[in-house]
Number of protein chains: 2
Amino acid sequence: MTHLPETSAIVLNGPDLESRAQPDDHQTLRLWLRMLTCCTLIENELRSRLRTEFGTTLPRFDLMAQLLRAPDGMKMSDLSRHMMVTNGNITGIVDQLERDGLIERIKSVTDRRSSLVRLTDKGRRTFAKIAKAHEEWIRDMFGGLRETSSHSLFQSLGELKLAARTQLGGV
Amino acid sequence: MTHLPETSAIVLNGPDLESRAQPDDHQTLRLWLRMLTCCTLIENELRSRLRTEFGTTLPRFDLMAQLLRAPDGMKMSDLSRHMMVTNGNITGIVDQLERDGLIERIKSVTDRRSSLVRLTDKGRRTFAKIAKAHEEWIRDMFGGLRETSSHSLFQSLGELKLAARTQLGGV
DNA sequence: TATTGTTATACTCTATAACTATA
DNA sequence: TATAGTTATAGAGTATAACAATA
């Protein structure tokens, strides 16, 4: 990485996805580009740290996080919906995690097409460690945000989530 | 604080990445998950529409967008920095776009290791069409956001961008 | 007929690292 | 020595679609 002086104007206007916006672009587009830049920045960092420090990936981590709050397990199709990716991909990620002994498939007795996926004890222990580090990374990256900004960001994003979902026609 | 319709709780709590948060999770983590959900939602939609309606991808679109505001061209390494991906990947994306006649490499006369990449006329025409549709999609998806929310979102994200960049120690 | 999950395929994007040509 | 870009490799994630088993 290159190192430029860290005055805020320079840093804030540093090269990134947002800098593709033209002076006369509409404000909504600029807003989206700024949001995309923030997400990409953070996601890149999380992916990198998950890989180097824990040998795992964001989708694998996300899938385990979903399972943590479903002690009785989740169906593959639930995971698909929650993680916003198609069914076949869930099979792949679940395969990997099962191979590592972090999760297990439990055959459903009521519907023999279906199975429940849940964390193993090893999975829970492993996830706890990663999640702890993960939350620290997040806190560090969001640390420079004032309390009021953080709060209004949360509110506005809630509104956006609703707006986008409504627009895209679905829950 | 916010004034949302009654159904908003249901829609807002629909299954997604944020729904992995536990009741006692720290607020910062919840904030990140909400932001990630919004970005994923919008990115998925943009990717899908770019593919089905224009046969292209988000990175290709982003690269062309970068070039649009650099009529004299950009170096590969500039593109790499702006798009926040490594150098080798830029080569790949530039190869594809060049093969389609949308951009061209111009050998630098002053530094023979380097070349400038810029849009062709065809590239500019093609990009204009896609960008127009793209901005409409964005406006639709952000349409349900109140003006004040949109504005505070923009401000807060600016702060976050700065905070994250500072924390990650670089441009 | 519809649904659940798997499999197969193909492609895009990605990081890493070794390499070349040039500076 | 350092830099600009390419190539090679390997792997992750993705959509699509065909498929089997079951509902």
Side-chain angles (χ1 to χ4, degrees), chain A residues 1-3 17 36 40-41 43-63 73-100 103-117, chain B residues 17 36 39-41 43-63 73-100 103-117:
Chain A
M1 267 217 177
T2 47
H3 296 283
L17 297 169
L36 183 57
T40 305
L41 213 54
E43 268 198 73
N44 280 355
E45 189 65 20
L46 293 179
R47 279 180 208 283
S48 164
R49 293 191 186 176
L50 283 174
R51 191 180 55 253
T52 59
E53 299 188 24
F54 295 102
T56 191
T57 66
L58 207 42
R60 281 203 272 264
F61 177 73
D62 283 341
L63 196 148
M74 286 174 78
K75 294 201 303 178
M76 305 287 283
S77 46
D78 292 336
L79 285 167
S80 171
R81 202 151 14 88
H82 279 255
M83 295 182 63
M84 303 187 258
V85 299
T86 54
N87 229 307
N89 301 310
I90 296 294
T91 297
I93 301 175
V94 166
D95 284 349
Q96 295 171 353
L97 289 170
E98 193 176 32
R99 209 176 304 127
D100 291 342
I103 66 177
E104 56 189 348
R105 284 177 168 95
I106 311 286
K107 284 279 170 215
S108 164
V109 280
T110 57
D111 183 342
R112 295 204 321 237
R113 291 170 306 181
S114 175
S115 56
L116 287 175
V117 185
Chain B
L17 297 168
L36 182 57
C39 266
T40 305
L41 211 54
E43 268 198 75
N44 280 355
E45 188 66 20
L46 292 179
R47 281 181 207 282
S48 163
R49 293 191 187 176
L50 283 173
R51 190 179 57 254
T52 59
E53 299 188 24
F54 295 103
T56 191
T57 66
L58 208 41
R60 280 202 274 264
F61 177 73
D62 283 342
L63 196 148
M74 286 174 78
K75 294 201 304 177
M76 304 287 283
S77 45
D78 292 335
L79 285 168
S80 170
R81 202 154 11 87
H82 279 255
M83 294 182 64
M84 302 187 260
V85 298
T86 54
N87 229 303
N89 301 310
I90 296 295
T91 298
I93 300 174
V94 165
D95 284 348
Q96 295 171 353
L97 289 170
E98 194 176 32
R99 208 175 305 128
D100 291 343
I103 66 178
E104 56 189 349
R105 283 176 168 94
I106 312 286
K107 284 278 169 217
S108 163
V109 280
T110 57
D111 184 342
R112 291 202 325 233
R113 292 171 305 180
S114 175
S115 56
L116 287 175
V117 185

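Naming: A, B, ... by sequence-line order, numbering from 1 per chain.
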When the nearest nucleotide of DNA chain C is assigned to A:D95 and to A:N44 on a heavy-atom basis, which residue is associated with the more 5' position?
-> A:D95
From CG of A:L50 across to P of C:dT14 the rounded distance in Å is 17 Å
Does A:R105 make a side-chain N or O approach to OP1 or OP2 of C:dT6 shorter than 4.0 Å?
-> yes
Output the single nucleotide from C:dT14, C:dG5, D:dG13 whose closest atom is nearest the side chain of A:T57.
-> D:dG13
Sugar-phosphate or base contact per nucleotide [nucleotides 17-23 of chain C; S, B, -; heavy atom under 4.0 Å] = ----BBS
Look at all strands and tell whether A:S115 reaches a base, only sugar-phosphate, or nothing, counting heavy atoms closer than 4.0 Å.
-> sugar-phosphate
Rounded to whole Å, the CZ-P distance (A:R47 to C:dC13) equals 14 Å
Rounded distance (Å) that lies between atom C1' of C:dG5 and atom CG of A:L63 | 15 Å
Below 4.5 Å, heavy atoms only, C-beta onward: do B:D95 and B:R105 meet side chain to side chain?
-> yes
Is there a side-chain polar atom (N or O) of B:S77 under 4.0 Å from OP1 or OP2 of D:dG5?
-> yes
Side-chain N or O of B:K75 less than 4.0 angstrom from OP1 or OP2 on D:dG5?
-> no
Between D:dA15 (P) and B:L58 (CG): distance, integer Å | 13 Å
Atom pair distance, as rounded to whole Å: CG in A:N89 and C1' in C:dT9 = 13 Å
Quick one: label B:S114 by what it contacts on the DNA or RNA (base, sugar-phosphate, nothing), any heavy atom closer than 4.0 Å.
-> sugar-phosphate
So what does A:R51 hit on the nucleic acid, given a heavy-atom distance under 4.0 Å: a base, only sugar-phosphate, or nothing?
-> sugar-phosphate
What integer distance in Å separates B:L116:CG from D:dA4:C1'?
-> 12 Å
Please report, rounded to the nearest Å, how far the C1' atom of D:dT6 is from the CG atom of B:L79.
-> 15 Å
When all nucleic acid strands are considered with a 4.0 Å heavy-atom cut-off, which category describes A:T86: base, sugar-phosphate, or nothing?
-> base
Separation of C:dG5 P from A:K107 NZ (nearest whole Å) = 9 Å
Among C:dT4, C:dT14, D:dT7, find the nucleotide with the atom closest to the side chain of B:T91.
-> D:dT7
With the side chain of B:Q96 defined as its heavy atoms from C-beta on, choose the nearest nucleotide among C:dC13, D:dA4, C:dT6.
-> C:dC13
Student check: side-chain heavy atoms of A:L116 and A:M74 closer than 4.5 Å | no
